[in-house]
Amino acid sequence: MSLISLNETITIAISVKDRHSSADWYKSMLGFDMIYHADEAGWSELQTNTKGVTLGLGEHTRPAPGNCVPVFGAADLDTARQQLEQAKVR
């Protein structure tokens with residue numbers, strides 16, 4: 001049994017220079033669906049064609065090639081954090 005409970009979702013987060021044009025590219029080239037743009041946070045998210053997998057676009061002035069971060073969805077974020085801190089995970 002795992003220390004924390006995860007839900008069945010994952011967001012693949014990548015850095016891009018222009019979220020809106022990148023989102024348009026993923027929609028037209030790969031058929032992804034736009035979930036939302038959070039302009040105040042510099043973040044956009046698209047639903048991929050794979051159940052439970054979304055693509056997050058973080059806008060940066062100088063994105064680093066190959067910069068990709070998997071973000072696992074926690075069933076209860078507060079409980080997960082508490083359990084990880086108790087296990088001395090940093």
Side-chain angles (χ1 to χ4, degrees):
M1 183 171 179
S2 66
L3 179 64
I4 62 173
S5 177
L6 299 176
N7 57 27
E8 296 179 356
T9 63
I10 187 168
T11 298
I12 307 300
I14 61 173
S15 299
V16 297
K17 193 169 187 173
D18 182 330
R19 292 175 298 110
H20 291 274
S21 65
S22 295
D24 289 342
W25 188 90
Y26 282 101
K27 289 188 305 186
S28 66
M29 296 294 146
L30 301 179
F32 292 178
D33 292 322
M34 192 72 231
I35 299 173
Y36 66 91
H37 287 294
D39 292 329
E40 67 285 350
W43 181 258
S44 297
E45 207 159 311
L46 296 103
Q47 178 60 54
T48 70
N49 299 327
T50 303
K51 182 181 176 185
V53 179
T54 59
L55 178 66
L57 306 174
E59 194 164 83
H60 297 274
T61 55
R62 300 177 91 187
N67 184 10
C68 178
V69 178
V71 181
F72 296 92
D76 180 337
L77 188 57
D78 292 330
T79 300
R81 180 179 178 158
Q82 182 181 31
Q83 290 171 326
L84 290 169
E85 286 174 346
Q86 288 173 352
K88 309 239 186 282
V89 174
R90 303 230 178 243

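Keep in mind that the numbers below use all heavy atoms, side chains included, and drop hydrogens, waters and symmetry copies.
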Can you measure from CG (D76) to CD (Q82) and round to the nearest 0.5 angstrom? 9.5 Å
Out of curiosity, I35 CD1 to L55 CG, how far, rounded to the nearest 0.5 Å? 9.0 Å
Could you tell me if the side chain of I10 sits less than 4.5 Å from the side chain of I12, heavy atoms only? yes
Charged N to carboxylate O below 4.0 Å: is that the case for R81 and D78? no
Hydrophobic clustering (ILVMFWY, side-chain heavy atoms < 4.5 Å, transitive) - are L57 and V71 grouped together? no
Separation between OG (S22) and NZ (K17), nearest 0.5 Å, reads 11.0 Å
Name all residues meeting the salt bridge (Lys or Arg N to Asp or Glu O under 4.0 Å) criterion together with E59; count only those two or more places apart in sequence or in a different chain, and write none if there are none. R19
Does any N or O in the side chain of Q47 come within less than 3.5 Å of the main-chain N or O of V53, such that one atom is a donor and the other an acceptor? yes
Can you find a heavy atom in the side chain of I4 that is under 4.5 Å from one in the side chain of L84? yes
Partners of H60 by ring pair (Phe, Tyr, Trp, His ring centres under 6.0 Å), sequence neighbours excluded? none
Could you pull out the closest heavy-atom pair between A87 and L3, with the gap in Å? CB-CD2, 3.7 Å
Report the distance from atom CZ of F72 to atom CG of L6, rounding to the nearest 0.5 Å. 7.5 Å
Below 4.5 Å, heavy atoms only, C-beta onward: do I14 and V16 meet side chain to side chain? yes
What's the spacing between D24 CG and M29 CE if we round to 0.5 Å? 10.5 Å
So K27 and L46, do their side chains get closer than 4.5 Å, heavy atoms only? yes
Please determine whether the number of non-hydrogen atoms from other residues, nucleotides or ligands lying under 6.0 Å from atom CD of E85 exceeds 12. yes
side-chain hydrogen bond (donor to acceptor under 3.5 Å, both in side chains) contacts in which one or both residues fall within residues 62-73, not counting sequence neighbours: S15-N67
Measure the spacing between CG of N49 and OH of Y26 and express it to the nearest 0.5 Å. 13.0 Å
